Every structure is written in C-alpha cells, then in structure tokens.
Enquirer: 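Submitted below is the structure of interest, expressed as structure tokens.
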Amino acid sequence: MSDPEQRQRLWTGRGIVTVLAVLPLVLTGFVIGYGVGSDGSRLGDTVDEAWNGGPGTVDHRPLAASFTATGVTGPAPDAPVVLPVGYSDDLGIAVTHLQFAVDESTVRPDHTAELRLPVAAPPEGEGMTVEVTSVHPVSCLCSLTAASAPPYGTVWDVAEVDSSSTEVVFDVTGAIDAPGRYGFAVTTPDREAYLEFEGAEYGTGPALRTVSTPPTPPAPPTAPTPYPDPTGLDPSTTPSQDPSPSAADSPVPTEDPSPTAVADPSAAPTADPSPTTVVDPSPSTGPSPLPAVDPSPTTDPSAAPGVPAADPTSAGPPASPREESGQNEDQLSVCKTGDKLIPTCGALVGVAPAAHTSRVKEDELLTFEERVQHTQQIYHAYERGDQRLFPTDAQIALTEDPEKPRTLFLNWKPQGASWAEIAAGDPETDEFLDRLAAHISADFDKPFFFTVHHEPENDVVQREGSGMEAADYADMFRYVIERLRANGVDNVVSVMNYMGYLKWVEKPWHDQLYPGDDVVDWIGLSGYGQSLHDDGRSDFGEIVDQTKGDTAWPGFYHWIAEEHPDKPMMLAEWGVFHQDEYPDHQTAVFQAARYQMAHYPRLKAIVYFETPEDSNGGRNSEVHLDEGALDAFRALMRSPYFNVRLE
C-alpha cells in the first residue's frame, strides 16, 4: 500500500482490527539464506566460534508482525495495531505471524529465549489454549495469505489464556539454534475462541527475549615444578600460602555493566538490523531465571515497525550484519520427514484403500491416488495373527517407486493369546516376533509406522484376571516393541492408535492404556465425520478434537497438547460417510479441513479410511460418490500443508 496514512478496518466478532498501512517492510542487508531452526541440533563448531558475543538480556523487536485470516483473501497487512488469534465471524480463523532476527552480536549459543506477547483484548468466557510453532519466514508480507501461509513446524510451547491475562510468554529456547531469521505462528485449537495481542505499531508489542550466558573463563595455567622441592615436602600435601580466590572462581564481566538501553548503531558494523532492547547487560556467571524486567523498548516510536530507527548523526544507511560462516541449510524452506518420520513442517497424507473388501489393496492404492490426483505417502495395511510375515513383497514394492515415495503403516492384531499372556512371554507369539524381526532386518530397512492391536478400547475386559485389562494392553504393547528392538529392528516408528468414540474416554481405565513415552513415537486417533447429532453438520475439527456435553474430556488434540506435548499427532484413520439425506456432507467436511488445518500444528499426518461398507452399519466413506466431494478432496490434497518430501 502506497499511502502511509491509509487505514483499513476489519470488523470482527469481538471488536475492530485496525490495519495501519506503513512504508513497505525493509529487510535491509538481510541474507535470505540465514538458517531457521526447527530443532536444537544444528549448531556446529564454526558457528559456535563466531556466535560468541551478546550483551546478556535482549528484547528483539519483530522484523514483521502480522496475521492471516481465512475470511480475508488479501495479503497480510504491514502493521496492524492488534494481532488476532482464533475464530471470529468476519475474519474466520486468524493466525498471528512474527519474524525476528538474531546474530552473534546479541545472542550466544548458551541462551534461553522467550516469545513475549502483550494481550490487547483477552478471550471471553472460560479462556483458550494458545500454541506457538516455527514457520519459514516469508521474504515479503505481500506473499503471506491464509492460503499460502507456510506450513507449521515444531510446536514449542502451549499456554492457557483467560480474561485476566495481560501477557503470554512462550518458551522458544529450542527454536533459536543459530544466527539468522526466525518465523513463528501463534495459533489456537479452540474453534470458538478469539483474542488479540498488541501489534508492533509503535515499537512495543511482541518481543523475542533472549538471555545469553557468558562463556566460562578458562582456569589460569598452573606452573609445573620441574625439580624436586628442596624442602622435601610432598607438594600435594602442602597447604596453599595464597588465601586469595583464584581467577577461575571470580566472576569475569564480559560486558559494560553500565545501564545502556540501546547500543549506539554506529558503534558495531555487525549489528543486528532489527531493533533490539538490551534489558540487562550485567554479567552473569551461569544460567538464571529470566529477570522480571520492563519489556518495553526505548526505540524511536516514529520509526516504521520492523525497521531500525535512524541515527540522525549517521552518515549513511545502517550496516548490514556480516554473513556467518558455517550456516546450516534452512530446515523449513522445504518440508521433509526427519527422525521417526516426523515432518519438519507440514503433514503427511495416506490411505487405507478398499477396506472391508477382498480387492487387492496395493492395486486399490494406485487407483485411489489416480482418483484424488495426489500420492499417498502412507499406505495403511492390516495384518492379523502369527502366520504371514510383513511387510509383504507387494507392500515393499510400493515403497520403492522413486517417482512416488511412500512408507507403510502396518497394523498388527495378534490372536491366540491374551494381552497379559503376550506380555508374560507367550511362546508362540515370541516365536513369531523373532521370525518377524529377522524378516524385517533382512528385507526392509526403511522406517515405517507400526501399531499393535489398534483401537483397543472396545476389547478391554476390565475384570481382574481377564488378561484383557487396560493395563494389560499397555504391557503387551511395550513387550512387542521392546522385543522387536532387542532383535535389532530399529526402523519401527510406533503409533499408539486410540479409538475416537468419546464413550471410552470417560472410562476410569482409559489412562491405563498408554504404554509409555519411551515405546510410543506417535499418538494416533481414529475419527469419523458422522456428526455428533447425525445432522450432517460435523466438520473436520470435530474429528480431530471432539468433546461431548459437560464431560471433562478436552478433546484428543487438547489432551495430547496437555499430556504428551512432545508427541506428534496422527489421524491414523479418518473418513466421512456419504449420507443420502445430507448429500453435501462430505463436501462440507473436506472443504472445512482445508482451512481448519490452521488450528492444528501438532497434526503431522492424516490417513483416510476408504471403504464402500464399514463394519458399523454398512456406511460408505468413498470420496468419489459425489463429484463435488471428489473435487473438494482433491483441493484438500493440494493444500500447502501436505507438500512434504518423504525421505
């Protein structure tokens, strides 16, 4: 927008979001290739040597602070006075986007980091859950829309915000792992909640606060004793004659302790181009809690947000930061799978094709892919008993197509022994597991998803001695995974696959089903768009995060965020049944899924369950029964969220 005084007002359900247009965002001197962290493992020795300055505690002001909204088709505004998160009738689903810059002049490798967001308008009612996740920073806000927003990476922290909240503080220490630009998205899984954070219009509002720990000074060298002590005393037993503390025991200040609010922009040619506030430059001898200090900056309020205030004595433009040596590849510029098949950003898609039929499932996978015009990276297959070894040759062949990379999700339901008997070492099951381990080790070395007796809830017999109690299931799951691992199978990515029916979460034994974080890599859910009230109005959000009446159950997404925040979430099965009385139901849910993915950064895979006749009433979940539904599913598959490279 060319007129810096022009204002565009967006009316929301809570109030007014005022979008103030300012000068175009200037990323002076910025190197687009700067690294963006998504985990804490990328800091190399070369960067460590260069990244050793830093004035202690610094509030980094954003290079960009804006938002996207599914109800707004235009690009993100340059400088809104408030930053909305959540749902309103006019904005749709709003997500706040922030970008910051750090370099060796402000942050050391040994640091903590907080994203601090002052609340302008708190949520009404009972409050809301808010999450922060890494995203790839865009080069220009003109390219940032709800449809083109970068897919979510790692979720770093979650907070509960209510009507009394004045500031939300997220721990994002793990996100900052090298000098460079960093993007964050602030979201909520609550589909009927809304709040507003302060914008960056006057240099206040959001801040990335980093607290750097000074390097520990080396101990002074001890002079050797080349000749025997003429006194004849053993020097190791002679008390020291110098009572003064050694240099290694004394704190060594590395910064000027004078209370300087902002460094002179002309003093350091390698200064970070983003406006920063040095909050506490006093030396520190080790990690300490973040100080409760005034986060407000002392920058020029007339400066454009995201652009450093001009120094009136400066003879030229501010110097750009020097490019760091040893920069790592930007992990979020391309979404791809990493350890445990977890995408660095975005989500995987998959299908269990032609379920409950006698058709050749591998052929049906290819037919489904052609129909929906998108490769299904996860092929979900079901195995029973202890006769057939898996993966089969046909299953393995699907993973060897270089043009269409795929992995497997193998679902094994043991038979012939109870859960308790398997956990106690049932001989026949042990023999099968040992043969299975040998087969996998010899014939299939790629990582693949694996679960044991998916959806166990409706098989629980909560009676002492039944062998099928909830705790027996957890013991059985653990036993199977640990036995495979002990036999050398290291490519299994384990999934705990819950049933989505809410009647089970109210059972007192529900928590006893979980086998333990050390043997569970992903948490999966089976959920279907059949509508809670059979009125054809259910949407994708009800599948992912269903609640029921006055029950205390927060929904599966909320439950994972609260109880297992380090585990990625998978829709291990999901589907929408075609209903003649609601002919547009499938279309509505598939369309909703395209934009409701904005609510769920922890959701890292969705696997469709396609069947012409399910086991509960003969319902049909095929996506091609209606032309509108098929078009909507194809559009869903084209979403940027699912543009992930399987490696």
Side-chain angles (χ1 to χ4, degrees), residues 24-44 47 50-51 53-54 58-68 76 78-79 83 95-109 111 113-117 132-144 148-154 156 170 172-186 200 205-210 212 270-277 304-308 318-335 344-345:
L25 183 66
V26 179
L27 302 179
T28 306
F30 244 87
V31 179
I32 299 302
Y34 267 21
V36 178
S38 65
D39 58 37
S41 62
R42 297 197 299 118
L43 190 58
V47 174
W51 201 24
V58 176
D59 275 354
H60 301 262
R61 297 300 165 182
L63 294 170
S66 191
F67 67 92
T68 60
D78 284 341
L83 301 169
V95 175
T96 282
H97 287 266
L98 302 165
Q99 296 183 32
F100 297 90
V102 298
D103 65 20
E104 78 284 359
S105 71
T106 55
V107 181
R108 299 187 186 95
H111 68 277
E114 291 178 340
L115 183 60
R116 306 180 72 94
L117 302 174
V132 62
T133 179
S134 287
V135 293
H136 184 260
V138 298
S139 58
C140 176
L141 291 180
C142 58
S143 65
L144 184 61
S148 65
Y152 299 134
T154 300
W156 297 108
F170 294 109
V172 293
T173 301
I176 311 298
D177 64 353
R181 288 195 309 152
Y182 289 85
F184 295 99
V186 184
L208 177 65
R209 176 172 295 179
T210 57
S212 296
T270 60
D272 185 343
S274 62
T276 60
T277 302
V307 182
S320 61
R322 70 178 174 86
E323 184 174 359
E324 299 300 321
S325 60
Q327 285 293 322
N328 293 280
E329 181 183 1
D330 179 357
Q331 292 189 345
L332 297 180
S333 61
V334 175
C335 297
T344 56
C345 52

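Atoms considered below: every heavy atom in the structure, side chains included; atoms not considered: hydrogens, waters and symmetry mates. Because the structure is a prediction, the values reported are computed rather than measured. Here, residue 1 is the first one in the sequence, and each next residue gets the next number.
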Enquirer: Do the non-hydrogen side-chain atoms of Gln99 and Pro62 ever get within less than 4.5 Å of each other?
Expert: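 They are not in side-chain contact.
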Enquirer: Return yes if some donor-acceptor pair links the side-chain N/O of Ser66 with the main-chain N/O of Asp78 below 3.5 Å, else return no.
Expert: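 No.
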Enquirer: Closest approach of Val135 and Leu332, non-hydrogen atoms and distance?
Expert: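 Heavy atoms only, the tightest pair is C-CD1, 3.7 Å.
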Enquirer: Report yes if the side chains of Phe184 and Thr96 come closer than 4.5 Å at any heavy-atom pair, otherwise no.
Expert: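 Side-chain contact under 4.5 Å: no.
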Enquirer: Give a yes or no answer on whether the side chain of Arg61 reaches the backbone of Pro206 with a donor-acceptor pair at less than 3.5 Å.
Expert: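 Looks like yes, one N/O pair under 3.5 Å.
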Enquirer: Using a 4.5 Å cut-off on heavy atoms from C-beta on, say whether the side chain of Ser134 contacts that of Trp156.
Expert: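 Yes, close enough: below the 4.5 Å cut-off.
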Enquirer: Keeping Thr133 on the side-chain end and Gly153 on the backbone end, is there a donor-acceptor pair under 3.5 Å?
Expert: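 Yes; at least one donor-acceptor contact below 3.5 Å.
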Enquirer: So which atom in His60 and which in Val102 form the shortest heavy-atom distance, rounded to 0.1 Å?
Expert: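 Where His60 meets Val102 most closely, the heavy atoms are CE1-CG1, 3.8 Å.
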Enquirer: Run Thr173 and His111 through side chain to side chain donor-acceptor pair (under 3.5 Å) and show every step you take.
Expert: CA-CA 7 Å; Thr173 301; His111 68 277; 5.8 Å; no
Enquirer: Applying side-chain contact (heavy atoms from CB on, under 4.5 Å), run through Val172 and Glu114 and close with a yes or a no.
Expert: CA-CA 5 Å; Val172 293; Glu114 291 178 340; 5.7 Å; no
Enquirer: Could you check whether any side-chain heavy atom of Phe100 comes within less than 4.5 Å of a side-chain heavy atom of Ile176, counting everything from C-beta outward?
Expert: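 Heavy-atom side-chain distance check fails, nothing below 4.5 Å.
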Enquirer: Testing the basics here: between Asp103 and Ser105, what is the closest heavy-atom pair and its distance to 0.1 Å?
Expert: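 Answer, listing the atom of Asp103 first, then Ser105: OD1-OG, 2.6 Å.
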Enquirer: From Asp59 CG over to Thr106 OG1, what is the distance, rounded to the nearest 0.5 angstrom?
Expert: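 Going from the CG atom of Asp59 to the OG1 atom of Thr106 covers 11.5 Å.
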Enquirer: Taking C-beta and beyond as the side chain, do Leu98 and Leu208 meet within less than 4.5 Å on heavy atoms?
Expert: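 Leu98 vs Leu208: side chains apart.
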Enquirer: With side-chain contact (heavy atoms from CB on, under 4.5 Å) as the test, would you mind laying out the steps for Phe67 and Leu144 before giving the verdict?
Expert: CA-CA 8 Å; Phe67 67 92; Leu144 184 61; over 6 Å; no
Enquirer: How long is the span from the CG atom in Leu83 to the NE2 atom in His97, to the nearest 0.5 Å?
Expert: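 Interatomic distance, Leu83 CG to His97 NE2, rounded to 0.5 Å: 11.0 Å.
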Enquirer: Are the side chains of Val58 and Val107 in contact, using a 4.5 Å heavy-atom criterion?
Expert: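 Val107 vs Val58: side chains apart.
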Enquirer: Start with the C-alpha gap between Tyr152 and Val95, add the side-chain angles, then the distance that decides, and say whether side-chain contact (heavy atoms from CB on, under 4.5 Å) holds.
Expert: CA-CA 11 Å; Tyr152 299 134; Val95 175; 3.6 Å; yes
